[in-house]
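This report refers to the structure that appears directly beneath it.
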Amino acid sequence: MARGELRIYLGAAPGVGKTYAMLEEAQRRAERGTDVVVGLVETHGRVHTAAMLGDLEVVPRRTATYRGVEFTEMDLDAVRARRPEIALVDELAHTNVPGSRHEKRWQDIQELLDAGITVLSTVNIQHLESLNDVVAQITGAIQRETVPDQVVRAAEQVELVDMTPEALRRRMAHGDIYRPDRIDAALGNYFRVGNLTALRELALLWLADKVDDQLDRYRAQQGIHATWEARERVVVALTGGPEGQTLIRRAARIAARSKGADLLAVHVARSDGLAGADPAQLARQRVLVESLGGTYHQVLGADIPAALLDFARGVNATQLVLGASRRGRFAQLFSRGVGVTTTALSGPIDVHLVTHSQAGRGRQGAGVPAALSRRRRLLGFALAGLGMPLLTLLLSVLPDLTLTNDILLFLAGVVGVALVGGLWPALVAALGGSLLLNWFFTPPFHTLTIAEAGNLLALGVFVAVAVAVSWVVDVAARRTREAARASADAQTLATVAGGVLRGERPLPALLDRLRETFALRAVSVLELTAEAEGRPGRVNEEGAWRLVAGVGESPAGSPGAGETAVPVDDRLTVVLSGRRLEAADRRIVEAFAAQAAVALRQERLAAQAAAVRPLAAADRMRTALLAAVSHDLRTPLASAKAAVSSLRSHDIEFDADDRDELLATADESLDRLGRLVANLLDMSRLQAGALGVSRAAIGLEDAVPRALDELGPAAADVATDIPADLPAVAADPGLLERVLVNVVANALRHSPPGQPPTITASAHAGQVELRVIDTGPGIPEDQWEHVFLPFQRLGDRDNQTGVGLGLALSRGLAEAMAGSITPETTPGGGLTMVLRLPAAAQTVAEGPQE
């Protein structure tokens, strides 16, 4: 059976018309004779969306009961039994009622697809798992219902339903999206122009990435290797040389000329892993690339031009930026170089050869280390100086040896010298051996004259072979040492990086691992002060440097106070104390010095973010407060105003019952307004840390009835079970009453009719626990902390049922009195709020607190 296809309508926000567009497509398909049914479509009371359903066949929903409340869900079995060609299933990220076959609706859709049914569905960008935290940061609303990105990416078609923020806000103002009582709060919160613009950009960028993936798959399936310039992609090739920063900035300027262009940096490392680029330079260049919004990549390849072009074609690059060759003119006579070769083979990719200050100066990397130790080279020279004469003496006493045999034995001696001492001792042995062969074993003897041309050729071949073998042996030894050095460097880098990743604070972990690796006494990071910056003459003065991080014993306070100073940039320097490092070790330290600068920047950004976070929270609080004042304060004010105005009216005569009812309405509205204002003021004081708390011993048997009396007739049926011998609690009487009123009011609001909440109390381990138990629908455990956020009601920020301060304020007041409020699940269904306060005997003596 062929699997069905999934088509998703993606929107940036609710109300852009996703469901309407899905129904339009369904109507078109139905008119063409396609069998279409509605598995589940949510109209949310929108007239135009409901009208678009038309005469489409709708599969009846199934009813599910959860904690005493009935919900409707898609009847998956009924849709499968109906077996339509196309099924409409709205809201891809929806969470099914507990007890359903699948937890998520997208899993229902997967089952329909497996059954061969094509599905049309909808989803908003804020419900994608990868963007959930980004959307929460932008809008302040945490989306609990998410769908994995791969589910949406796997869809055969994703269609963006787009609308400008201004047009969407007009739809909202006209009542086309939410009910009138929700419009003001929505426009002032989630549906602000800035929020909608950011969400729209997220949707466009996410869809552009999916289209890019589809294009890559198509090109791979069709075997298309040519570059398609669908989007500008600029690749800059880095060698690890000092010219890299110039190339990166040039490539970034090229990419900036095209909106949405990608910047990629690539370093082609030798496939044998030997004699690589300077790791410190590459580390700095990687940081620069990423700071400019690009990405860094590293590939292996023996043929650098081929590997570079393979990478560029693989990422569908349109432009390639290379640096002009650093080799001198003489070297360029024998090889065209990477730049010229790459340009010749690039095809449709534009290649930019950028000149720089290092062009034509030759390679100025670190000197190549000696292949063999000084002791072995001296031993090689000694062997060449003594071994060749001894070999000559030995051959002169051996009878019946031809010149060919003599040459082979001398060649074996040269190879032995090369194995022991390397190239130069072997060259000395080859030169001395050729002279000894000519003098003692080539006719005429005891003269450097060679009589026969064949003997001359034999000696020439001997010298050439000896030199070649010596060169090969020396190169092999050099490569072996380079490989050992590269392996040691890689192990060091991996060890230090691992230590940093496991540490909670990257910078101290990096410095400490560096100190341990190189057996140093201390490592410090110094920053040039503002007074000394830009004035070279003051760099060495006392106080010109500031210690920003240090580990070990007595970290250096200036570059001159340590044994080794490694500059990171114009302002930062890493100073090592304890011993001087070898030149080869310094290269590794430079790489980690660059990473130390990155870690320092991250710590400072984190500190700035932490400093800004309270300001952002305060801003959100002010925004929510304004929304609450604009919406919730108007309701009791309007009720009280209407009641008083009616009583003052002379046009209508009210009897005693009507007057009592109007007065009760005004009184209740003003009480509600008073509680609301008190909550807002107390929450403001809590946020500012200015709430005064004066604790005293108070019995719950006195506090609970007062709280119930304040709630009025609604709390008349609340059952209480407070033991007579319960210890008094240490609490502020006024604040405790406020906590109890808010918590009990919340329980009353969610209790089923005829099942009032129950209040019990007990003492345990120096604390008194008061439980407010209801048997309502309850709250899922993963949302327990969510309900304590200010201006929240079970994840809904529309404020349609009140300001949502009760539980947030109650927790804050309880914590101010050294107590706590935690939720628990009521056995059999419901929610229990547990208020814990310290017993009076332990804390009442502490007195007033601020």
Side-chain angles (χ1 to χ4, degrees), residues 45 173 175 178-188 624-684 703-720 733-757 759 772 774 776 790-791 793-794 796 798-810:
Y178 288 161
R179 298 191 306 271
D181 60 339
R182 299 181 60 186
I183 292 175
D184 290 343
L187 289 175
L625 178 61
L626 289 174
V629 170
S630 66
H631 182 275
D632 291 273
L633 293 183
R634 289 185 300 181
T635 302
L637 280 174
S639 299
K641 175 68 175 176
V644 172
S645 298
S646 299
L647 289 171
R648 294 187 61 190
S649 174
H650 300 290
D651 299 332
I652 302 175
E653 288 292 337
F654 294 100
D655 57 25
D657 292 338
D658 291 335
R659 292 178 64 85
D660 288 343
E661 183 177 352
L662 288 173
L663 288 172
T665 299
D667 183 60
E668 181 182 350
S669 298
L670 292 174
D671 286 344
R672 179 182 173 190
L673 181 62
R675 289 194 299 268
L676 181 60
V677 172
N679 282 346
L680 289 171
L681 291 175
D682 284 344
M683 179 56 70
S684 299
V704 171
R706 286 201 299 269
L708 296 179
D709 290 341
E710 184 174 340
L711 288 171
D717 296 330
V718 174
T720 60
L735 299 184
L736 176 59
E737 184 174 336
R738 182 73 54 78
V739 172
L740 293 174
V741 167
N742 286 333
V743 174
V744 176
N746 182 74
L748 285 168
R749 188 181 302 115
H750 295 95
S751 293
Q755 301 180 34
I759 301 176
V772 180
D774 70 65
F791 308 105
R793 285 194 179 274
L794 294 179
D796 188 4
D798 64 356
N799 294 327
Q800 63 176 339
T801 56
V803 178
L805 276 178
L807 293 180
L809 178 61
S810 298

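Counting from 1, the numbers follow the sequence of the chain as shown.
Nearest heavy atoms, Pro756 versus Asp717: CG-O, 3.3 Å. When all heavy atoms of Ala714 and Leu748 are compared, the pair lying nearest together is O-CD2, 3.5 Å. In plain terms, the two heavy atoms of Leu740 and Ala707 that are nearest each other are CB-CB, 3.7 Å. Taking both residues in full, the closest heavy atoms of Asp774 and Gly776 are given as OD1-N, 3.0 Å, listed atom of the first, atom of the second, then distance. Smallest separation of non-hydrogen atoms from Glu710 and Val741: OE1-CG2, 3.7 Å.
Separating the CG atom in Asn742 from the CD atom in Glu737 is a distance of 10.5 Å, to the nearest 0.5 Å. Going from atom CG of Asp667 over to atom CG of Leu662 covers 12.5 Å, rounded to the nearest 0.5 Å.
Looking at Thr720 and Leu708, their side chains come closer than 4.5 Å, going by heavy atoms from C-beta outward.
More than 12 heavy atoms of other residues, nucleotides or ligands lie within 6.0 Å of CD in Gln755, so this atom counts as buried by the packing criterion.
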